[in-house]
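Scroll down for the structure; my scribbles are underneath it.
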Amino acid sequence: METFTQLPLSYDPSTKHTTMPSPTPALTTELSALNTLHRALTASQSDAQSGIPPPPTAVNPKRSAQITKLRESGNTSFRAQKYGDSIRMYSLGIDMAAGRPLWEPSAIAREELAGLYANRAQAHMAMSSWPEGAVDAKCSVELKKQGNVKAWWRRGKCLAEMGRGEEAERWVGEAIEFEGQEAELVELLEEVRKSLERKK
Amino acid sequence: MVNWIGLAFPFLYLGLLVGALSTFSSLYRKRKASRAQSLAPWFESHHPRDVYLSLIHLDEDDSEKPEVPDTVLKAALLRRAQEDVQRVLQMRNSKQALATLLQRGSIGDDLWQRFLRAEQECEEEVRDVVQEANAFADNWGSFIFQSAHEMAQNQQTRKRMAEIQAETEAEKEWWEKKRSTVQAEFMKELDDEAAAGTTTRKLSSKGSDDEAVLVEAPAGASQQGGGKKKKKGKN
């Protein structure tokens, strides 16, 4: 454990990159990860503590406020039936939430992203873009499996609209396992089953 | 008068005994060490650790090269901590299963030895990282692993999201294709119906015939692509 492999690394102060001659693929990814992290760390703080991420209890309140604002303006556009605008707002919000510094609490980013994806799914559905809606709702569910009935329902609905009855049935069944007997989900499941029978 | 010759025997005996024992013990230890060495390591080589230590030693042995700033070292340490978190979690997850397998005799003692050694190494590695972190800033050692854990989590989330979002294009393509086939089928049905219509309404004028088709279209459409029409109506 006292030994290590000395790598012929060199640091270039002008580009602020650490490089080495002819690295292996694994080392290439490692070095690029290091350089990205270094850039992120130095960009976020300018004080003497530079380079040390703050403990993962505090978050940058500015970013949270911006994300909330984007979501709200997306909601407003949605209510005004400007679905294209609302999708754009939600997408900006998603980029913003995904762009949080890596060392900030992951739970917060997940929560924000889950909400934004679910909302964007709804806006896509309003425009009858079922595939996009289905993908966004899946993202939301992936981030937050419980207490996310709307996202579960939305993907189920999108799948049903695209005529993927079996898939929709499976999906909604899983949703009920996670969320319990929610009225909305049960209703959708019945609907899906009925249309499946009609097809037969 | 001391009998030197008589006294030499016990000393000779003692010398032989100690010599034999020490030879045996050193041989035994060497063999044990070599056996431990021959066991394959549990993990692949620890790249972040190599990078970090190489960067640290870069300053020492070459004064010509530009000095590596502290921020790079800190970033490298954070990368190292991240890899350690992953390893510790992996070990914790597999320990129970491995112990059960060992009890049942499903795995050999070698594997268990390798695991224990890796565990020990991990512990030392963690301690080392904490020390290094504390050297950079007061108290950093107490939360560097928390930060590293969040980083790993965040990276995983983003990767997963990118994966799912990448499905969008394929899904859209599939849907376009499906919709066009559904529409084509539907148009064919319409044509058939139209043909039937012309035979039954041969007497009616051409204009009204077209109208009949137009009226029938939405009625049929609401059955095929029902959802679409319904949603459109809401807008």
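Values below: all heavy atoms of this structure, side chains included; hydrogens, waters and symmetry mates excluded. Lettering follows sequence order; numbering is per chain, from 1. Note that the coordinates shown come from a computational prediction; the quantities given were computed from them, not determined experimentally.
- Minimum heavy-atom separation, B:Asn154 to A:Leu102: ND2-O, 2.6 Å.
- Relative to the six-membered ring of B:Trp174, A:Arg164 meets both conditions, a distance below 6.0 Å and an angle of at most 45° to the axis.
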Mind running side chain to side chain donor-acceptor pair (under 3.5 Å) on B:Thr168 and A:Glu132 for me, showing each step along the way? CA-CA 6 Å; B:Thr168 315; A:Glu132 289 96 326; over 6 Å; no
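- A pairwise comparison of heavy atoms in B:Lys178 and A:Gly163 identifies NZ-O, 3.8 Å as the closest pair.
- Using a 4.5 Å heavy-atom threshold, the side chains of A:Lys138 and B:Glu167 count as touching.
- Each of A:Ala33, A:Ala109, A:Ala26 has some count of heavy-atom pairs under 4.5 Å with chain B, and the biggest count is that of A:Ala33.
- In B:Glu163, the CD atom is crowded: over 12 heavy atoms of neighbouring residues, nucleotides or ligands sit closer than 6.0 Å.
- Interface summary for chain A: among B:Pro69, B:Ala76, B:Ser45, the most heavy-atom pairs under 4.5 angstrom belong to B:Pro69.
- Within the 4.5 Å cutoff, the side chain of B:Glu171 has heavy atoms near those of the A:Met162 side chain.
- Residues B:His149 and A:Trp103 form no side-chain contact, since every pair of their non-hydrogen atoms from C-beta on lies 4.5 Å or further apart.
- Between chain A and the options B:Ile144, B:Asp128, B:Asp70, B:Thr157, the largest number of non-hydrogen pairs under 4.5 Å is found for B:Thr157.
- Counting heavy-atom neighbours within 6.0 Å of A:Lys150 NZ, excluding the residue itself, gives a total of 12 or less.
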Worked verdict on B:Leu78 versus A:Leu41 for side chain to side chain contact (heavy atoms under 4.5 Å, CB included): CA-CA 10 Å; B:Leu78 208 51; A:Leu41 278 171; 4.1 Å; yes
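- Chain A forms the most heavy-atom pairs under 4.5 Å with one residue out of B:Gln146, B:Glu83, B:Arg160, and that residue is B:Arg160.
- Across all their heavy atoms, A:Glu161 and B:Trp175 have their closest contact at O-CH2, 3.9 Å.
- Within 6.0 Å of the CD atom in B:Gln113, the count of heavy atoms belonging to other residues, nucleotides or ligands exceeds 12.
- The shortest distance between side-chain heavy atoms of B:Trp140 and A:Pro53 falls below 4.5 Å.
- For A:Asn35, no part lies under 4.5 angstrom from a heavy atom of chain B.
- For A:Lys145, the NZ atom sits in a packed shell: over 12 heavy atoms of surrounding residues, nucleotides or ligands are nearer than 6.0 Å.
- Between B:Phe143 and A:Pro54 the shortest heavy-atom distance is CE1-C, 4.0 Å.
- Closest approach of B:Val72 and A:Leu34 over heavy atoms only: O-CD1, 4.2 Å.
- A donor-acceptor pair under 3.5 Å is formed between the side chain of B:Arg158 and the backbone N or O of A:Ala98.
- Contact of A:Ile94 with chain B is not made at all, since no heavy-atom distance falls under 4.5 Å.
- Heavy-atom distances place both the backbone and the side chain of B:Lys172 under 4.5 Å from chain A.
- Note that CG of B:Leu55 is 5.5 Å distant from OG1 of A:Thr18, once rounded to the nearest 0.5 Å.
- For the set B:Glu169, B:Gln155, B:Gln165, B:Gln153, the entry with the most heavy-atom pairs within less than 4.5 Å of chain A is B:Gln165.
- Atom CD of B:Glu176 has more than 12 heavy atoms from other residues, nucleotides or ligands within 6.0 Å.
- Panel note: side chain B:Glu150, backbone A:Ser106; a donor-acceptor pair is recorded below 3.5 Å.
- Of all heavy-atom pairs between B:Ala75 and A:Leu37, the closest is O-CD2, 3.5 Å.
- Residues B:His47 and A:Leu31 are not in side-chain contact: their nearest non-hydrogen atoms beyond the backbone lie 4.5 Å or more apart.
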